[in-house]
Amino acid sequence: MKFSGKDLAFAAAAVAVLVVVVLGTGKKLGPDVPDDNDHQAFFSQLAQGGKRVEVEKGCRSCHPMAELPEAHPHKEECMVCHQPG
Ligand code: HEC
Ligand code: HEC
């Protein structure tokens, strides 16, 4: 079966709705980041229209994946789970 552009647009819209619903439940996916300048700077970049995937790369300069706890999710979307407190 081939996917047309329309199918892809529909799938993308469905995913977007799902993300909004999941985030909208207010369920905490991880601990909040500390309320300090190092962390707030990232979230104000987001507020100013920065792309999350680009912005959150900066997290790793202080929190390399290798230094996160053993049980930490192996996911790179830091800012999805960690919100400002
Ligand atoms: C300039 C270095 C630096 C950067 C950049 C940085 N952090 Fe941190 N982060 C720290 C330090 C230091 C602490 C511990 C300080 C504290 O607990 O107040 C910390 C604590 C945290 C904590 C809390 C840990 C806990 O035990 O509750 C989380 C979550 C976190 N950072 C996530 C992030 C995320 C997500 C980003 C990117 C948006 C980020 N950090 C960027 C230095 C940094
Ligand atoms: C799928 C959700 C999720 C994603 C994505 C995620 N985290 Fe976490 N993070 C958590 C959870 C849950 C904890 C608490 C785990 C624990 O205490 O063992 C945590 C804990 C932390 C802590 C505290 C570690 C400590 O020593 O107590 C830091 C720092 C952190 N994450 C940074 C990051 C960074 C940086 C990224 C992106 C590279 C990231 N997280 C991506 C869910 C996530």
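Sequence positions, counted from 1, serve as the residue numbers for this chain. For ligands, and for the atoms within them, numbers begin at 1 and follow the listed sequence.
Contact annotation for Lys75 and ligand 2: heavy atoms of both the backbone and the side chain come within less than 4.0 Å of the ligand. Neither the backbone nor the side chain of Glu56 comes within contact range of ligand 1; no heavy atom lies under 4.0 Å. Both the backbone and the side chain of Cys59 come within 4.0 Å of ligand 1, counting heavy atoms alone.
Distances below 4.0 Å separate heavy atoms of Gly58 from the following atoms of ligand 1: 5 (C). Of all atoms in ligand 1, numbered sequentially from 1 with element shown, those under 4.0 Å from a heavy atom of Pro34 are 16 (C), 18 (O), 20 (C), 21 (C), 22 (C), 23 (C), 31 (N). Distances below 4.0 Å separate heavy atoms of Met65 from the following atoms of ligand 2: 38 (C). Near Glu76, the atoms of ligand 2 lying under 4.0 angstrom from a non-hydrogen atom of the residue are 37 (C).
The heavy-atom pair separating Gln83 from Met79 by the smallest distance is NE2-O, 2.7 Å.
For atom 4 (C) of ligand 1, the closest non-hydrogen atom of the protein is Cys62 SG, 3.2 Å. Looking from atom 32 (C) of ligand 1 to the surrounding protein, the closest heavy atom is Val33 CG1, 3.6 Å. Scanning all protein heavy atoms for the shortest distance to atom 27 (O) of ligand 2 gives Pro69 CG, 4.4 Å. Remark: minimum distance from atom 12 (C) of ligand 2 to any protein heavy atom is reached at Leu29 O, 3.3 Å.
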Subject >> Stepwise salt bridge (Lys or Arg N to Asp or Glu O under 4.0 Å) test for Glu76 and Lys57 >> reply: CA-CA 8 Å; Glu76 315 233 317; Lys57 279 183 186 154; over 6 Å; no
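The hydrophobic cluster containing Met65 also includes Leu68, under a criterion of side-chain heavy atoms closer than 4.5 Å among ILVMFWY residues, counted directly or through chains of members.
For atom 37 (C) of ligand 2, a protein heavy-atom neighbour is present inside the 4.0 Å cut-off. Atom 15 (C) of ligand 2 is never approached by the protein to below 4.0 angstrom, counting heavy atoms only. For atom 24 (C) of ligand 1, no protein heavy-atom neighbour is present inside the 4.0 Å cut-off. Under the 4.0 angstrom criterion, atom 40 (N) of ligand 2 counts as having a protein heavy-atom contact.
Looking at Glu54, its side chain never comes within 3.5 Å of a backbone N or O of Gly50 through a donor-acceptor pair.
Side-chain contact check for Val33 versus Phe43: some heavy-atom pair is nearer than 4.5 Å. Contact check for Phe42 versus Glu56: no side-chain heavy atoms found under the 4.5 Å cut-off. For the pair His82 and Leu29, the minimum side-chain heavy-atom distance is 4.5 Å or more.
Ring geometry for His63 against His39 counts as tilted: the plane angle lies between 30° and 60°, on a 0 to 90° scale.
Near atom 8 (Fe) of ligand 2, less than 2.8 Å away, sit the protein N, O or S atoms His72 NE2, His82 NE2.
Residue-environment remark: CG (Asn37) stays at or below the threshold of 12 foreign heavy atoms within 6.0 Å.
The distance from atom SG of Cys81 to atom NZ of Lys75, rounded to the nearest 0.5 Å, is 7.0 Å.
For ligand 1, the polar-atom distance check finds no N/O of Ser61 at less than 3.5 Å from any of the ligand's N/O atoms.
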